[in-house]
Novice: 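One structure, as structure tokens, below. Some questions next.
Numbers here are sequence positions counted from 1. The figures here come from the full heavy-atom set of this structure, side chains too, leaving out hydrogens, waters and symmetry mates.
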Amino acid sequence: MQTITQTMLQEHGKIRSMLMELERISDKQQLKKQFNKFKWTLEKHFFVEEKVIFSIYNDEENRNNLDTVLKEHKDMILLIQKAEDALDEGYLELLDLKTILECHAIFETDILYPKLDAELDQEQRSLILDRASEIIRE
């Protein structure tokens, strides 16, 4: 069975690839279409973490880590909106979003996901993976 870390790393790779693809698109209509797809993928990723993982892994000892992740999600949602507004005006600015996404992904990959794999029991890990696969499959 795949680990939470492996599953979510695949998602990080998908998000990173989509972000890089956005930077290569010059056609405005195609850019908007791909941006919406990227936004939806990122929102699903956040949903998995906030509604699936954090509902199972939510105790006081881990509150600081979870609060950090939630704050970063909110920051990224604001940056997505800013990028979407800029796109409506004819350009796309992704530098700030890329920066926070990379830092966020490193924290999750190096700290959060391995902690989940180590501390949750098999039933909890399976539940997270089953629910996550329902949401993020394409």
Side-chain angles (χ1 to χ4, degrees):
M1 176 178 258
Q2 200 166 19
T3 65
I4 294 168
T5 301
Q6 291 167 329
T7 299
M8 298 309 281
L9 270 175
Q10 288 174 340
E11 281 302 293
H12 284 182
K14 184 185 339 177
I15 290 165
R16 191 175 291 115
S17 293
M18 292 176 85
L19 193 56
M20 289 171 31
E21 178 64 24
L22 284 172
E23 294 178 311
R24 291 191 281 268
I25 299 172
S26 57
D27 178 72
K28 188 175 179 177
Q29 195 169 14
Q30 182 65 21
L31 184 58
K32 281 188 176 190
K33 181 179 176 184
Q34 284 303 110
F35 183 83
N36 287 332
K37 188 174 179 182
F38 165 76
K39 179 181 170 184
W40 176 239
T41 300
L42 193 59
E43 287 172 344
K44 289 190 302 183
H45 181 82
F46 292 168
F47 186 85
V48 166
E49 290 176 346
E50 294 176 16
K51 302 299 183 193
V52 176
I53 293 173
F54 296 170
S55 68
I56 294 169
Y57 188 70
N58 188 9
D59 60 41
E60 279 307 308
E61 184 179 316
N62 299 300
R63 190 77 248 156
N64 286 340
N65 285 340
L66 301 183
D67 287 345
T68 297
V69 170
L70 291 171
K71 183 192 178 314
E72 289 174 354
H73 286 180
K74 288 178 184 174
D75 292 346
M76 284 185 274
I77 288 168
L78 290 172
L79 290 171
I80 286 281
Q81 185 58 54
K82 184 178 172 182
E84 199 166 29
D85 292 345
L87 187 56
D88 288 340
E89 293 179 21
Y91 66 97
L92 185 60
E93 174 52 53
L94 296 173
L95 183 59
D96 291 342
L97 181 59
K98 283 174 55 176
T99 301
I100 194 171
L101 262 172
E102 278 306 311
C103 291
H104 183 76
I106 289 168
F107 170 77
E108 289 179 340
T109 302
D110 292 350
I111 297 170
L112 182 63
Y113 300 147
K115 192 171 178 134
L116 295 170
D117 285 320
E119 293 181 6
L120 295 175
D121 63 37
Q122 182 60 42
E123 184 178 334
Q124 291 169 313
R125 287 191 309 271
S126 293
L127 182 58
I128 287 172
L129 291 169
D130 288 346
R131 288 181 178 170
S133 70
E134 289 175 21
I135 296 164
I136 59 179
R137 74 181 133 161
E138 285 202 18

Novice: Please list, chain by chain and in numerical order, all residues satisfying ring pair (Phe, Tyr, Trp, His ring centres under 6.0 Å) with Tyr113, sequence neighbours excluded.
Specialist: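 In terms of ring pair (Phe, Tyr, Trp, His ring centres under 6.0 Å), with neighbours along the sequence ignored, Tyr113 is linked to His12.
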
Novice: OG1/Thr5 to CZ/Arg125 distance, rounded to the nearest 0.5 angstrom?
Specialist: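 So the OG1 of Thr5 and the CZ of Arg125 are separated by 10.0 Å.
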
Novice: Among Leu94, Thr41, Leu42, which residue satisfies the side-chain contact (heavy atoms from CB on, under 4.5 Å) criterion with Leu19?
Specialist: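 In the set Leu94, Thr41, Leu42, the residue that makes a side-chain contact (heavy atoms from CB on, under 4.5 Å) with Leu19 is Leu94.
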
Novice: Determine, stepwise, if the pair Tyr57 / Glu119 fulfils side-chain hydrogen bond (donor to acceptor under 3.5 Å, both in side chains).
Specialist: CA-CA 9 Å; Tyr57 188 70; Glu119 293 181 6; 2.8 Å; yes

Novice: Tell me which donor-acceptor pairs under 3.5 Å the side chains of residues 128-136 have, and how far apart each pair is, sequence neighbours excluded?
Specialist:
{"residue": "Ser133", "atom": "OG", "partner": "Leu129", "partner atom": "O", "Å": "3.3"}
{"residue": "Ser133", "atom": "OG", "partner": "Asp130", "partner atom": "O", "Å": "2.9"}

Novice: Ser126 and side-chain hydrogen bond (donor to acceptor under 3.5 Å, both in side chains): which single residue from Glu123, Gln122, Gln124 fits?
Specialist: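 Running side-chain hydrogen bond (donor to acceptor under 3.5 Å, both in side chains) over Glu123, Gln122, Gln124 with Ser126 returns exactly one hit, Gln122.
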
Novice: Can you tell me how far CD of Glu43 sits from CD1 of Ile77, rounded to the nearest 0.5 angstrom?
Specialist: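 Result: 7.0 Å between the selected atoms.
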
Novice: Please tell me if the side chains of Glu84 and Asn36 come closer than 4.5 Å, counting only heavy atoms from C-beta onward.
Specialist: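 Of all side-chain heavy-atom pairs linking Asn36 with Glu84, at least one is under 4.5 Å.
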
Novice: Distance check, rounded to the nearest 0.5 Å: Glu50 atom CD versus His45 atom NE2?
Specialist: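 Glu50 CD to His45 NE2: 10.0 Å, rounded to 0.5 Å.
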
Novice: What's the separation between atom CD1 in Ile25 and atom CG in Leu92, rounded to the nearest 0.5 Å?
Specialist: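 Result: 9.0 Å between the selected atoms.
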
Novice: Looking at side-chain heavy atoms only, is the closest gap between Arg24 and Met20 below 4.5 Å?
Specialist: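 They are in contact (side-chain heavy atoms under 4.5 Å apart), so the answer is yes.
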
Novice: Check whether Ile106 and Leu101 end up in the same hydrophobic cluster, where Ile, Leu, Val, Met, Phe, Trp and Tyr are linked by side-chain heavy atoms less than 4.5 Å apart.
Specialist: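 They do not share one cluster, since no chain of ILVMFWY contacts under 4.5 Å joins Ile106 to Leu101.
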
Novice: If you look only at pairs with a residue in residues 89-112, which of them pass as a ring-ring contact (aromatic ring centres under 6.0 Å, His included), with sequence neighbours excluded?
Specialist: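 As it turns out, the ring-ring contact (aromatic ring centres under 6.0 Å, His included) pairs with a partner in residues 89-112, which skip direct neighbours, are His73-His104.
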
Novice: Might you point out which heavy atoms bring Ala83 and Glu93 nearest each other, and give the distance in Å?
Specialist: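 Heavy atoms only, the tightest pair is CB-O, 3.7 Å.
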
Novice: Can you name the closest pair of heavy atoms from Ile53 and Leu116 and give their distance?
Specialist: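 Where Ile53 meets Leu116 most closely, the heavy atoms are CG2-CD1, 3.6 Å.
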
Novice: State the OG1-CG distance between Thr3 and Leu9, to the nearest 0.5 angstrom.
Specialist: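 One gets 7.5 Å once the value is rounded to the nearest 0.5 Å.
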
Novice: Could you tell me if the side chain of Ile4 sits less than 4.5 Å from the side chain of Leu120, heavy atoms only?
Specialist: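 Of all side-chain heavy-atom pairs linking Ile4 with Leu120, at least one is under 4.5 Å.
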
Novice: If you compare all heavy atoms of Ile80 against all heavy atoms of Phe35, which two are closest, and at what distance to 0.1 Å?
Specialist: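 Here Ile80 and Phe35 meet closest at O-CZ, 3.6 Å.
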
Novice: Taking 4.0 angstrom as the limit, do Asp67 and Lys71 come out as a salt bridge?
Specialist: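 Looking at Asp67 and Lys71, the cut-off is not met.
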
Novice: Looking at Glu23, I want to see if its CD is surrounded by more than 12 non-hydrogen atoms of other residues, nucleotides or ligands under 6.0 Å.
Specialist: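 Check passes, neighbour count above 12.
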
Novice: Over all heavy atoms of both residues, which pair between Glu108 and Pro114 is shortest? Give the atoms and the distance, please.
Specialist: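 Closest pair (atom of Glu108, atom of Pro114, distance): O-CD, 3.7 Å.
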
Novice: Applying the 4.5 Å side-chain criterion to the ILVMFWY set and letting contacts propagate, would Leu70 and Val52 be lumped into a single cluster?
Specialist: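 Yes, Leu70 connects to Val52 through the hydrophobic network.
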
Novice: Could you tell me whether the side chain of Glu49 reaches within less than 4.5 Å of the side chain of Met8, counting heavy atoms only?
Specialist: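 With C-beta onward as the side chain, the pair touches.
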
Novice: Any idea which heavy atoms bring Lys28 and Leu87 closest together, and the distance?
Specialist: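 In terms of heavy atoms, the two residues are closest at CE-O, 3.9 Å.
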
Novice: Going hydrophobic residue to hydrophobic residue with side-chain gaps under 4.5 angstrom, can you get from Leu78 over to Met76?
Specialist: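 No; Met76 is not reachable from Leu78 via cluster members.
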
Novice: Does NZ in Lys98 sit with more than 12 non-hydrogen atoms of other residues, nucleotides or ligands closer than 6.0 Å?
Specialist: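 Check fails, neighbour count at 12 or below.
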
Novice: To the nearest 0.5 Å, what is the distance between CG (Leu22) and NZ (Lys39)?
Specialist: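 Nearest 0.5 Å value for the CG-NZ distance: 13.0 Å.
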
